[in-house]
Student: 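Next up is a structure, given as structure tokens.
Each ligand, and each atom within it, is numbered from 1 in the order the structure gives.
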Amino acid sequence: MKEILLIITQFTLASLVCCLADRAISGQALWTNRSYCFNCGHPLAWYDMIPLLSAPMLKFRCRNCSQTFTSVPEWLFFEGLFPLMMLTIPFQWSPAYFLHFFLLFLAREDSQKERAHTDIVWLLTPYFLFFNEGLAHDEPVFILLKVFFLTLNFPLMYLQKMGVGDFPVFVLAAIMFDGVAFTNFIFTSTFSTLIFVPLMIKKRKMPFLPFLLFSWIITELI
Ligand SMILES: [Zn+2]
């Protein structure tokens with residue numbers, strides 16, 4: 001029974017966070033009474049908001065105006081893969097655990113509009129810098145490696161090969177993960193991005209934050 005409740009909670013939380021991210025990045029109020037289509041304003045019925053199930057039943061389109069509200073890869077990742085991966089991480093009342101949902105929020109924003117409120121990450125970094133032991137256990141060579149990688153981001157951002165919004169997430173990863181885990185994180189995010197490039201060809205720009213979130217959880221599982 002506890003397991004079923006946990007499964008339902010994870011899928012519902014993922015769906016709720018995605019809904020809030022969609023509203024935030026569209027400039028809508030985060031908390032309103034009813035969910036509605038951003039295109040035509042049509043209010044959603046309860047059966048249009050069932051986590052994981054409603055989107056495919058609606059063929060990923062608004063019931064009223066037929067505007068697409070999500071894609072199959074997005075649905076698979078945000079409403080399927082993310083809650084499934086979260087089920088493999090033991091639940092705990094800790095900022096590091098709930099950080100996953102904040103990263104989900106940012107990843108969803110990036111996926112929807114190719115930008116995200118990642119400035120908020122800067123507000124979190126002092127907390128994790130002081131209360132996380134990832135850096136404390138690092139050997140000097142790994143600290144140098146992290147500094148080198150983060151410095152490498154600047155020319156990439158200047159050349160617009162990497163979004164400015166991805167940088168704070170890399171800084172947070174450098175704080176949260178020890179040297180070996182951070183190296184895993186970089187490799188996983190790079191390779192997962194390369195694998196999924198063919199799925200993103202319709203988009204003008206590749207949203208990178210979903211891959212960082214995926215790699216974040218994979219790194220923790222390793
Ligand atoms: Zn609509």
Student: How close do R63 and L58 get, counting heavy atoms only, and between which atoms?
Tutor: NH2-CD2, 3.4 Å
Student: Would you tabulate the side-chain donor-acceptor contacts of residues 209-222 under 3.5 Å, counting partners in other chains and residues two or more places apart, or write 'none'?
Tutor:
| from | atom 1 | to | atom 2 | distance (Å) |
| --- | --- | --- | --- | --- |
| S215 | OG | S189 | N | 3.0 |
| S215 | OG | F211 | O | 2.6 |
| T219 | OG1 | S215 | O | 2.6 |
| E220 | OE1 | H100 | NE2 | 2.6 |
| E220 | OE2 | H100 | NE2 | 3.2 |

Student: Residues sharing I8's hydrophobic cluster, by side-chain heavy-atom contacts under 4.5 Å among ILVMFWY, directly or via others?
Tutor: I4
Student: Linking Ile, Leu, Val, Met, Phe, Trp and Tyr by side-chain heavy atoms under 4.5 Å, what else ends up with L6?
Tutor: I7, F11, L52, F60, V72, W75, L76, L84, L87
Student: Please list, in chain and residue-number order, the protein N/O/S atoms closer than 2.8 Å to the Zn ion (ligand 1).
Tutor: C37 SG, C40 SG, C62 SG, C65 SG
Student: Identify the heavy atoms of F182 and F170 that sit nearest to each other, and give their distance.
Tutor: CE1-O, 3.7 Å
Student: Do L99 and F78 share a hydrophobic cluster (ILVMFWY, side-chain heavy atoms under 4.5 Å, transitive)?
Tutor: yes
